[in-house]
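Inspection log for the structure reproduced underneath, given as structure tokens.
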Amino acid sequence: MNSVFPHRGALLLTLLGWALAPALVHAQSADGPRITPNFKDADITQVIEAVAAATGRNVIIDPRVRAQVTMLSQTPMSPDEFYEAFLALLQVHGFAAVPSGQVVKIVPDANMRTMPGNDLAPDVSATSDELVTQVVSVNNVSAAQLVAILRPLMQQNAHLAAYPASNTLILSDRANNVNRMLRIIRRIDQANDSDIELVAMQNVSAAEVVRTINALNPAQTQGEGGMAPLRMVADERSNSILLAGDATQRLRVRTLIAYLDTPLAEGGDTRVRYLRYADAEAIATKLKEQMAASGTGAAAANSTSTGGITTTIWAEPETNALVITAPAKVMKSLMGVVDKLDIRRAQVIVEAIIVEVSADKSAELGVNWLVDGSLADNAVGGFIEPVGGVSIVDLARAANDPTTLTSVPRGTTVGIGRLGDTGVNFAAILRALRGDSTTNIIATPSIVTMDNEEAEIKVAQEVPFVTGQYSSTGGNANNNFLNPFQTIQRQEVGTILKITPQINEGDAVMLKIEQESSSIAATSSGAVDLVTNKRTISTHVLIEDGGTVVLGGLIQDSQTGGEQRVPFLGRIPVIGEAFRTRSAKKTKTNLMVFIQPRILRDGTDTRIETNQKYNYMRDQQLRLGPSSGRIPLLPGERRAELPAIPTTTPPTTTPPTSAPSTATPSASSVTDTQDAPID
């Protein structure tokens with residue numbers, strides 16, 4: 001082995017020369033000895049022995065230090081450089097060299113944090129793999145926050161901890177990595193340029209700007225010893241914003257504020273808001289009441305002053321628009337209210353089904369007789385009881401004077417008698433009367449109205465009812481005259497439906513209903529005037545969308561009977577029939593009222609419902625067309641009928657009409673019809 005050894009360790013190298021000759025090549029230069037290591041799959045203890053011999057250091061090897069290593073070099077190096085390369089070799093294999101006085105301990109990395117290490121002094125290279133411990137004082141940021149940032153940059157066995165009381169960091173790692181951590185800490189630990197600025201708002205509300213920016217960039221929680229985040233406070237009195245924080249943060253926020261503090265695109269503090277669905281006059285009244293109640297808006301004079309700007313609200317009915325002049329904060333509040341009120345409200349179509357089936361039956365049977373013997377000085381007697389409103393006296397009077405007969409007697413009358421100048425005159429009649437009447441009514445009124453709007457539909461006739469009459473007679477020397485008159489009151493008879501719907505949040509509809517159904521009764525008994533049947537319902541109900549519910553009804557079955565007779569004689573069998581009259585009446589009524597609401601939430605629902613009703617009416621017209629083979633009574637005249645709904649509609653400003661519906665109308669919308677040709 002051709003080597004020149006320095007005096008330090010020369011003897012040890014001589015003894016080991018044969019063993020290490022293949023691994024170390026020694027050369028002598030003007031700067032000192034140079035070493036070219038060449039170890040390939042060598043035991044690490046051999047490398048440690050060579051390092052100790054080359055550097056003159058005392059080395060203690062932990063028994064756990066075992067490895068086969070390779071260390072090759074083509075460039076000669078000094079002993080110190082050889083030692084630095086050795087430290088790098090130890091790091092690669094998970095070992096560390098820990099200085100302890102005049103001794104260097106070779107231990108596994110897992111133990112290095114418990115071993116004493118040098119401070120990063122000037123005599124320790126910043127690029128060395130030597131184990132060092134450093135205490136770093138942090139001035140402007142939180143040391144505890146830096147631990148979370150720096151820990152991923154250090155190896156697992158390195159040590160990093162923070163001492164919050166003095167805001168310092170303790171690092172224990174290899175010198176090159178500790179030096180890198182110090183450079184990173186210096187870049188992070190910059191002084192805060194905190195100050196307070198006042199930014200005056202010109203066009204917008206300071207409080208609104210602060211809420212907007214805070215919603216965009218919520219402030220983070222301040223850590224111990226750390227930098228405070230940017231803070232913003234609105235001063236409503238001066239309409240200004242106070243900014244406190246770093247200069248960079250303040251500059252960024254001021255740029256945002258400058259963009260927000262711009263005049264309204266509509267110009268000035270006055271806006272014209274065109275309403276699409278709501279009534280401008282009604283909304284203007286409500287807004288004035290709200291502002292007057294809150295103390296920030298229009299009072300009795302429709303205006304007030306807020307921040308030097310007068311708030312005024314008025315409506316333009318011709319264009320259905322609101323004209324509002326107000327400060328930015330008040331304007332935003334008013335526009336928010338208008339946005340909530342000016343919405344398309346759903347509509348409700350309500351169909352009522354009124355079904356009434358009634359039957360009246362009446363019967364009367366009786367005998368009237370009269371004996372007149374006054375011309376023969378005989379006694380006079382008789383049994384007189386009107387049957388069907390007519391008695392034997394009425395018939396006798398009508399026989400002598402037909403003008404006294406005001407109406408034709410109903411029923412069957414069989415009479416017998418004698419009327420002469422002498423002898424006994426007598427007369428007897430047998431009257432039988434039976435009356436049957438039935439009523440079958442199905443009415444389906446329907447009506448469409450807006451949510452929370454009252455609507456009413458009437459399908460009725462005004463029927464006159466006599467309420468009084470008066471007649472006076474008088475005369476003069478030449479003639480007599482009669483001056484009768486009557487007082488008449490007209491009443492509506494038919495179907496009347498009044499509703500107020502309220503749509504709940506779900507699919508239910510609350511209905512306030514007033515339903516009336518009246519008709520002229522087909523009675524079998526006489527009356528002084530017309531008789532009307534009247535059914536009314538007033539209620540509140542809750543129904544699901546498209547559901548059907550019964551509002552109420554009446555099922556009535558009544559039977560009455562009467563008998564007029566002569567005491568004692570009327571009870572005699574067979575003979576007693578000549579001394580009594582009987583009447584019986586039975587009435588049965590079945591009445592039910594149903595209701596069905598459907599919500600029309602948009603134009604599509606409205607068109608579908610409209611097309612269904614439209615096509616139903618058109619089908620009914622077509623069914624009533626002239627039958628073939630008949631001679632038209634009005635030739636050349638076309639019957640008026642609804643045109644067909646077009647399947648397609650050219651683009652217009654209004655939504656297109658949907659295709660005709662071919663669905664069969666529901667039972668609730670179909671009434672009884674009778675085919676009758678119309679020529």
Side-chain angles (χ1 to χ4, degrees), residues 345-359 438-463 491-504 506-522 532-556 588-601 605-620 661 663-674:
R345 290 188 294 167
Q347 300 182 100
V348 179
I349 178 171
V350 180
E351 292 186 343
I353 307 173
I354 305 168
V355 183
E356 180 178 358
V357 179
S358 62
T438 59
T439 303
N440 185 11
I441 299 175
I442 299 178
T444 58
S446 62
I447 189 171
V448 178
T449 183
M450 300 285 289
D451 183 24
N452 284 313
E453 291 287 344
E454 183 183 278
E456 182 181 14
I457 182 173
K458 292 182 180 181
V459 182
Q461 293 179 326
E462 289 192 348
V463 179
Q491 296 183 7
E492 294 177 340
V493 176
T495 301
I496 301 174
L497 175 63
K498 183 185 295 185
I499 63 167
T500 303
Q502 180 181 348
I503 302 175
N504 292 351
D507 291 332
V509 182
M510 181 177 292
L511 293 174
K512 177 183 177 183
I513 302 174
E514 293 183 10
Q515 170 73 52
E516 177 181 325
S517 178
S518 57
S519 62
I520 299 176
T532 58
N533 300 322
K534 191 172 184 180
R535 310 288 189 260
T536 62
I537 292 178
S538 180
T539 183
H540 291 74
V541 294
L542 182 65
I543 317 174
E544 297 297 325
D545 181 20
T548 303
V549 68
V550 59
L551 295 183
L554 173 66
I555 299 178
Q556 182 180 13
K588 187 173 183 178
T589 302
N590 297 300
L591 171 67
M592 286 293 168
V593 180
F594 304 88
I595 202 77
Q596 182 186 69
R598 289 191 296 277
I599 302 175
L600 309 178
R601 298 189 181 275
D605 292 345
T606 304
R607 288 194 297 272
I608 291 175
E609 191 67 35
T610 301
N611 291 351
Q612 178 179 340
K613 300 297 185 184
Y614 188 96
N615 289 330
Y616 171 73
M617 294 303 298
R618 188 169 184 272
D619 291 342
Q620 295 300 313
S661 173
T664 304
S666 60
S668 61
S669 61
V670 177
T671 57
D672 293 337
T673 58
Q674 181 180 0

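Remember, it's a predicted structure, so these values are computed and weren't measured experimentally. As a basis for the values below, the full set of heavy atoms in this structure was taken, side chains included, without hydrogen atoms, waters or symmetry mates.
Pairing each heavy atom of S446 with each of I457, the nearest pair is O-CD1, 3.4 Å.
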Can you list, pair by pair, the side-chain donor-acceptor contacts under 3.5 Å of residues 507-515, counting residues two or more places apart and other chains?
from : atom 1 : to   : atom 2 : distance (Å)
D507 : OD1    : R601 : NH2    : 3.0

Give the table of side-chain donor-acceptor pairs shorter than 3.5 Å for residues 537-556, with sequence neighbours excluded, one pair per line with atom names and distance.
from : atom 1 : to   : atom 2 : distance (Å)
D545 : OD1    : I599 : N      : 2.9
T548 : OG1    : Q596 : NE2    : 3.0

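At distances below 3.5 Å, at least one donor-acceptor pair connects side-chain atoms of D451 with backbone N or O atoms of I503. Listed for the T444 side chain is no donor-acceptor partner under 3.5 Å among the backbone atoms of I353.
Looking at Q612, R618, Q620 one by one, the single match for side chain to side chain contact (heavy atoms under 4.5 Å, CB included) with Y616 turns out to be Q620.
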Does the side-chain contact (heavy atoms from CB on, under 4.5 Å) test come out yes or no for L600 and V448, once each step is laid out?
CA-CA 9 Å; L600 309 178; V448 178; 4.3 Å; yes
Run the side-chain contact (heavy atoms from CB on, under 4.5 Å) check on E609 and K613 step by step: do they pass?
CA-CA 7 Å; E609 191 67 35; K613 300 297 185 184; 3.6 Å; yes
List the steps and the verdict of side-chain contact (heavy atoms from CB on, under 4.5 Å) for E516 and T536.
CA-CA 4 Å; E516 177 181 325; T536 62; 3.6 Å; yes
Give the C-alpha distance, both sets of side-chain angles, the deciding distance and a yes or no for side-chain contact (heavy atoms from CB on, under 4.5 Å) between E492 and K458.
CA-CA 9 Å; E492 294 177 340; K458 292 182 180 181; 3.4 Å; yes
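No side-chain heavy atom of I442 sits less than 4.5 Å from a side-chain heavy atom of I354.
Applying the salt bridge (charged side-chain N to carboxylate O under 4.0 Å, His left out) test to E453 and every residue at least two apart in sequence or in another chain returns R345.
Atom OG1 of T449 and atom CD1 of I499 lie 6.0 Å apart (nearest 0.5 Å). Between the OG atom of S517 and the CG atom of L591 there is a distance of 7.0 Å, given to the nearest 0.5 Å. Atom-to-atom distance recorded for I608:CD1 and R598:CZ is 11.0 Å, nearest 0.5 angstrom. Atom NZ in K588 sits 11.5 Å away from atom OG in S358 (nearest 0.5 Å).
Remark: Q461 CD is loosely packed, at most 12 non-hydrogen atoms of other residues, nucleotides or ligands lying under 6.0 Å away.
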